[in-house]
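The next block holds one structure in the form of structure tokens; read it before the comments.
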Amino acid sequence: MSLTLSTDTARSSLQATSEQISVVSRNIARIHDPDATRKTATIVTGPGVGVSIPQIDRTSNQLLFNAYLTANSANQAQASITSALDQIQSTVDDTDQERSPAALMAKLSAALQTYSGDPQNPAVAASVVSAAKDVSNALNSASNTVTQVRQQADTDIATSVANINDLLSQFQNLNNQVIRGTSNGSDITDVLDARDAVLKQLSTEVGIRTVTRDNGDVAIYTDSGVTLFDKVPRSVTFQQTSNLAAGMPGAAVYADGVPIAGTSHIMEIQSGKLAGLVSVRDDIAVTYQSQLDEMARGLIDAFAETDQSATPTLPAAAGLFTYSSGPTLPPSGTAVAGLASSIKINPNVDPGQGGNAELIRDGGISGAAYKYNTANAPAYTERLQALIANLGSGQTFDPSTQLPSSSSVIDYAKNSVSWLEALRQSASAEADYRSTVAHRATSSLSQATGVNLDEEMTNLLDLERTFQASSRLINTVNEMLSTLIQSFS
């Protein structure tokens, strides 16, 4: 090898090493960036040209990346469901707590028992009204809480849809940069990282699948197969409901004009925060609110009064418990949307509203024709005993509420709490599992493609030695040339 060729080779090595050090420095600078992938400089050697770096590559693993997207979407869907169930559970509580409708119904039954043992005591009668008021207030509060959970889910759906559209817009810009960079051979590794970061965020909102084309272009579809991005973003639309009343269905979410959530169809998304929120708004909360409505109807039926005339002609009417459409009784065996939020104590029996609490014992809350204690006997207890029996007697409930359709209203309330608790525990266990899977997917992807500081520092030391060797070669050639020149001078 001639001195000139040796010098050129050493100089090319110095330049290549300098570029390699620059790449390592970029890696180290983003060591804490979870979206950064490791970059490497590809070295090419050739006779007479020394070494060169034609391109910068990044470490990627599409299989692990897709696994991350899937795991993240499933985790976000379950997290949304678990969070909503915790909100409902924290307000309704369980049968051992004071605020539980089931526990308050049991207290109402106990108050009736006490009143039955002391029917002449108006203070005990007032305590029954107070216990009944606690039950109706608990149902009002629980129903309102469920409505708030549904309303919040509807608001969060609107936010999620806005995020999806914004992310798709960001993705279009980055995707175009990748296509241009691929065609002209420029370094697009950082742009690819940014584009993948957008896909990660998008998978948080909705389950997605991607297809990569030869020119670097990527198309995005929902996990149900609806196009979200193909050359250009497809519009995701949703009309938020300002006042989501009990039983009122929420609006559907559309992607590219196709319904993907919120209505019955075959292209329904399966994961992502959006899927979880829609499940809460349209399924879980609605079912639980229907159970509360059925508890209210069961109470109204249990305390209903019938015409006590010798020849009854009047229909049965609401007694201690009534509601916005009272005194007409709600239809039996069918959930009436919003009943739990409107159930209340009949003013005719509430001392706080000028009523007479002893009408519980005597009847006639709905009028004289409904009076049971026609003799005005102060020791009359038959009506109280009948009310106690009614609370424990079987009724027919709406089977669509996912609870046994035949039970007493007290047992129905207990079954409702059990249903909610079982659902919450199941959702919590599923959320833990999904979270673990997502964490492992994140860890695997990071280990496979992320930046390792120890590895980068080792590379940096190797590059330093290479730089020193090339410099020493140039110095040696320089010394040889100097010696040669001096020998001729």
Side-chain angles (χ1 to χ4, degrees), residues 33-37 58 60 62 65-77 80 153-184 186 188-241 250-263 265-279 281 445:
D33 185 349
D35 298 320
T37 58
R58 71 168 192 149
S60 63
Q62 192 61 44
F65 185 72
N66 291 338
Y68 169 88
L69 297 180
T70 301
N72 185 46
S73 297
N75 182 41
Q76 294 299 327
S80 299
D154 200 66
T155 301
D156 292 343
I157 289 170
T159 302
S160 181
V161 168
N163 290 340
I164 291 172
N165 286 319
D166 180 57
L167 290 168
L168 290 176
S169 178
Q170 294 180 41
F171 185 86
Q172 182 184 28
N173 179 43
L174 295 168
N175 194 58
N176 289 338
Q177 291 183 47
V178 170
I179 294 173
R180 287 195 298 269
T182 302
S183 62
N184 59 31
S186 60
I188 57 172
T189 53
D190 287 339
V191 180
L192 288 171
D193 283 356
R195 192 177 68 172
D196 283 353
V198 171
L199 288 175
K200 289 179 179 178
Q201 295 177 59
L202 192 59
S203 72
T204 296
E205 305 294 341
V206 59
I208 57 173
R209 294 171 183 163
T210 61
V211 174
T212 305
R213 301 187 173 104
D214 292 339
N215 60 352
D217 180 33
V218 168
I220 308 173
Y221 305 91
T222 67
D223 56 12
S224 58
V226 179
T227 304
L228 287 177
F229 182 94
D230 192 354
K231 309 298 183 185
V232 294
R234 303 302 169 86
S235 178
V236 181
T237 57
F238 170 70
Q239 184 63 47
Q240 184 178 353
T241 305
V253 180
Y254 295 85
D256 200 21
V258 179
I260 60 172
T263 184
H265 50 81
I266 60 174
M267 305 296 279
E268 185 176 21
I269 57 174
Q270 303 300 318
S271 58
K273 185 190 299 181
L274 187 59
L277 291 171
V278 170
S279 177
R281 186 197 65 178
L445 182 63

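As the structure is a prediction and not an experimental result, all values here were calculated from the model.
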Between Asp190 and Arg58, is there a side-chain N and carboxylate O pair less than 4.0 Å apart?
-> no
Given Ser80 and Lys273, is the side-chain contact (heavy atoms from CB on, under 4.5 Å) satisfied, shown in steps?
-> CA-CA 6 Å; Ser80 299; Lys273 185 190 299 181; 3.4 Å; yes
How far apart are the C-alpha atoms of Thr237 and Val253, what are their side-chain angles, what is the distance that settles it, and do they pass the side-chain contact (heavy atoms from CB on, under 4.5 Å) test?
-> CA-CA 6 Å; Thr237 57; Val253 180; over 6 Å; no
Mind checking side-chain hydrogen bond (donor to acceptor under 3.5 Å, both in side chains) for Asn215 and listing every partner two or more places apart, or none if nothing turns up?
-> none
Classify the side-chain pair Asn72/Thr204 by whether it contains a donor and acceptor separated by less than 3.5 Å.
-> yes
Examine the side chains of Asn66 and Gln62 and answer whether a donor and an acceptor come within less than 3.5 Å of each other.
-> yes
Can you check whether Ile157 reaches Gln240 side chain to side chain, under 4.5 Å on heavy atoms?
-> no
So do Asp193 and Thr189 actually touch side chain to side chain, heavy atoms under 4.5 Å?
->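 No - every pair of side-chain heavy atoms lies 4.5 Å or more apart.
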Could I get the full list of salt bridge (Lys or Arg N to Asp or Glu O under 4.0 Å) partners for Asp35, not counting sequence neighbours?
->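 Applying salt bridge (Lys or Arg N to Asp or Glu O under 4.0 Å) to Asp35 gives Lys200.
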Under the salt bridge (charged side-chain N to carboxylate O under 4.0 Å, His left out) rule, what pairs show up with a residue in residues 154-181, not counting sequence neighbours?
-> Asp154-Arg281
Centroid separation Phe171 to Phe229 less than 6.0 Å = yes
Of Asn175, Asn163, Ile220, Val198, the residue whose pairing with Leu168 passes side chain to side chain contact (heavy atoms under 4.5 Å, CB included) |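 Checked Asn175, Asn163, Ile220, Val198 against Leu168; only one passes side chain to side chain contact (heavy atoms under 4.5 Å, CB included): Ile220.
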